[in-house]
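In what follows, a structure is listed as structure tokens, so that the remarks can point back to it.
Order of appearance sets the numbers: ligands from 1, and atoms from 1 within every ligand.
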Amino acid sequence: MSSPAIELPRVVFEAGSLSRLPVELAAYGFNRIFVVTTRGRARNLATIEKLLGQSLAGSFVDAVEHVPKSVTDMAERELRRTAPDVIVAVGGGSPIGLGKALAVRSGLPLVAVPTTYSGSEMTSIYGETDESGKKTGRDTRALPRMVLYDPLLTLGLPAETSATSGMNALAHSVEAMYAPDATVTTSAWAEQSIRLLSQSLPQIVADISNVDLRATALSGAHFAGKALGATSMGLHHRICHVLGGSFGLPHAKTHSVMLQHVVSFNASHAVEAMNRIANALGSKHAEEGITGLGRALPIPRTLAQLGFSESGITKAAAEIVKGNYPNPRPVTIPDVVQILERALSGE
Ligand code: NAD
């Protein structure tokens, strides 16, 4: 008896691979393509329009962060009008997030062409935000059928966005390492991604057009996404989820500020995981390694820099503890208040 097929995204990873997109899509029999992207990726869209020619059924260029429901509604109307057979999301976690929401609503397959290091392309986690906050879930329809990584597409990613987006990926791996459902495989992915990201990100800042470094960071993001997709996230992701969904803070920058504070809080309750994280960072202690990496990168240091203020702490803490998520250390409201206070001032 043959074992059941496990459907994983097919991964294409090569500098210049965008030119193979039409062939790769045709191999699946897709010939009416709907592209989802952001206005900032207009140049990529123009290239894709040329590559796809008649196969391009339609596009939506207004993806924004945190997948507001109103934006998904608008994109869905355009999707239904153009009747495609596949959705191709091109860009960072924002267009990929919108592509996922559309894939879940329509049942259409999704292909992702990531241009940042969010790692979202490797997970079935999707979400939408409305007046009541951000709701996320896991759905196999949100997992891309294929992911095409072309490091050349990331050459224009500014140093700051490269750094914050890379820290977002690193945070997936840190939490995957101490997740209760971590396995030998997920921890190996997480460890590898921490190593690849922590080595490449500071070098990218100094040498922004180096394709090899970009490829290293993208593969770090790929493994981080795999680790995120296969484990349950803890307090760090919960905090960023609430601060983004209910307080409008920018996703990757919030991850960049928060990570060292949550690692410091969890350190004593996840000793083995922290040792592996530290080792992958080339540091003695995980917190020290993350703080040191942050200092080498052009990332924000405080929540205050992101527009969060003291007055939001009580409400945020109450919402953060409400969630149903695992964390190595039990979490109370005063704990979260203290973590947020530290992150607010960058103590
Ligand atoms: P993003 O997609 O909003 O991109 C950040 C900025 O970078 C944008 O201004 C964009 O135009 C620009 N940009 C993207 N690629 C570029 C390039 N190659 N060159 C120049 N500029 C470029 O942000 P992000 O950090 O990639 O993703 C954040 C979103 O992803 C959040 O909504 C978050 O919730 C989601 N996310 C989801 C998962 C998941 O598994 N579901 C995982 C991580 C992040």
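- Closest protein heavy atom to atom 42 (C) of ligand 1: Ser120 CB, 3.6 Å.
- With Ser165 contributing its side chain and Thr116 its backbone, the two residues share no donor-acceptor pair below 3.5 Å.
- The nearest heavy-atom contact from the protein to atom 40 (O) of ligand 1 is Thr123 OG1, 2.7 Å.
- Between Glu65 and ligand 1, a contact under 3.5 Å exists for no N or O pair.
- The ligand atoms of ligand 1 that sit less than 4.0 angstrom from a heavy atom of Asn168 are 43 (C), 44 (C).
- Taking CG from Leu25 and CZ from Arg20, the interatomic distance works out to 11.5 Å, rounded to the nearest 0.5 Å.
- Contact annotation: His172 has at least one heavy atom less than 4.0 Å from an atom of ligand 1.
- Residue contact check: Lys100 has heavy atoms under 4.0 Å from atoms 39 (C), 40 (O), 41 (N) of ligand 1.
- Note that atom 8 (C) of ligand 1 has no protein non-hydrogen atoms nearby, at separations under 4.0 angstrom.
- Remark: side-chain polar atoms of Gln305 are not paired, donor with acceptor, to backbone N or O of Pro300 under 3.5 angstrom.
- Of the polar atoms of Gly40, none of the N or O atoms is found under 3.5 Å from an N or O of ligand 1, judged by distance alone.
- Side-chain polar atoms of His222 and Tyr149 form a donor-acceptor pair below 3.5 angstrom.
- For atom 6 (C) of ligand 1, the closest heavy atom belonging to the protein is Thr161 CG2, 3.9 Å.
- Counting heavy atoms closer than 4.0 Å to ligand 1, residue Lys134 contributes side-chain atoms (C-beta onward) but none from N, CA, C or O.
- The shortest N or O to N or O distance between Thr154 and ligand 1 is not below 3.5 Å.
- Numbered from 1 in the order shown, with element, the atoms of ligand 1 that lie under 4.0 Å from a heavy atom of Pro95 read 2 (O).
- Ion pairing of Glu24 with Arg10 is present here, as a side-chain N (NZ or NE/NH1/NH2) and a carboxylate O approach within less than 4.0 Å.
- Cation-pi geometry between Lys135 and Tyr126 is not satisfied (NZ or CZ under 6.0 Å from the ring centre, within 45° of the ring normal).
- Between the side chains of His172 and His255, no donor N or O sits under 3.5 Å from an acceptor N or O.
- Closest protein heavy atom to atom 25 (O) of ligand 1: Ala252 CB, 3.8 Å.
- In the vicinity of Leu228, heavy-atom distances shorter than 4.0 Å reach the ligand 1 atoms 40 (O), 42 (C).
- Below 3.5 Å of separation, one finds an N or O of Leu157 facing an N or O of ligand 1.
- Taking distance alone, with nitrogen or oxygen atoms compared against 3.5 Å, Tyr126 stays at or beyond that limit from ligand 1.
- Under a 3.5 Å cut-off, the side chain of Thr332 and the backbone N or O of Asp335 do form a donor-acceptor pair.
- Residue Ser187 holds its OG atom at 12.5 Å from OH of Tyr178, rounded to the nearest 0.5 Å.
- When Ala42, Gly93, Ser165, Ala142 are ranked by how near their heavy atoms come to atom 35 (C) of ligand 1, first place goes to Gly93.
- When hydrogens are left out, the protein atom nearest atom 1 (P) of ligand 1 is Ser94 OG, 3.3 Å; that is the closest non-hydrogen contact.
- When hydrogens are left out, the protein atom nearest atom 31 (C) of ligand 1 is His251 CG, 3.6 Å; that is the closest non-hydrogen contact.
- For the residue pair His251 and Glu65, no side-chain donor N or O sits within less than 3.5 Å of a side-chain acceptor on the partner.
- Residue Thr164 does not touch ligand 1, judged by heavy-atom distances below 4.0 Å.
- At least one N/O-N/O distance between Thr116 and ligand 1 falls below 3.5 Å.
- Heavy-atom contacts of Gly92 reach the following atoms of ligand 1: 2 (O), 26 (O) (cutoff under 4.0 Å).
- Between Glu319 and Lys322, no side-chain nitrogen of the basic residue sits less than 4.0 Å from a carboxylate oxygen of the acidic one, so the salt-bridge criterion is not met.
- Contacts between Leu153 and ligand 1 below 4.0 angstrom, taking non-hydrogen atoms only, involve the backbone exclusively.
- Distance alone, capped at 3.5 Å, places no donor-acceptor pair between the Arg214 side chain and the Leu153 backbone.
- At a 4.0 Å heavy-atom cut-off, ligand 1 touches Thr115 through backbone and side chain alike.
- Sequence neighbours left out, the pairs with a member in residues 100-125 that pass salt bridge (Lys or Arg N to Asp or Glu O under 4.0 Å) are Asp73-Arg105, Glu76-Arg105, Arg105-Glu128.
- Distances shorter than 4.0 angstrom occur between a heavy atom of Arg41 and an atom of ligand 1.
- Looking at Ile125 next to ligand 1, an N or O pair under 3.5 Å apart turns up.
- Not one N or O on the side chain of Asn327 forms a donor-acceptor pair closer than 3.5 Å with the backbone of Pro330.
- When only modelled atom types and interatomic distance are considered, Ser193 and Ser173 share a side-chain donor-acceptor pair under 3.5 Å.
- Nearest protein heavy-atom contact of atom 32 (O) of ligand 1 is His66 N, 3.1 Å.
- Counting atoms of ligand 1 from 1 in the listed order, those under 4.0 Å from a heavy atom of Thr38 are 11 (O).
- Glu191 and Arg195 are joined by a salt bridge, as a carboxylate oxygen and a charged side-chain nitrogen come within less than 4.0 angstrom of each other.
- Looking only at distances, a side-chain donor or acceptor of His241 sits under 3.5 Å from a matching main-chain atom of Lys134.
- Using a non-hydrogen distance threshold of 4.0 Å, Arg39 does not register as a contact of ligand 1.
- For the ligand labelled ligand 1, residue Gly127 lies outside the 4.0 Å heavy-atom shell.
- When only non-hydrogen protein atoms are considered, atom 43 (C) of ligand 1 lies nearest to Ser118 O, 3.3 Å.
- Side chains of Asn168 and Tyr117: no donor on one and acceptor on the other come within 3.5 Å.
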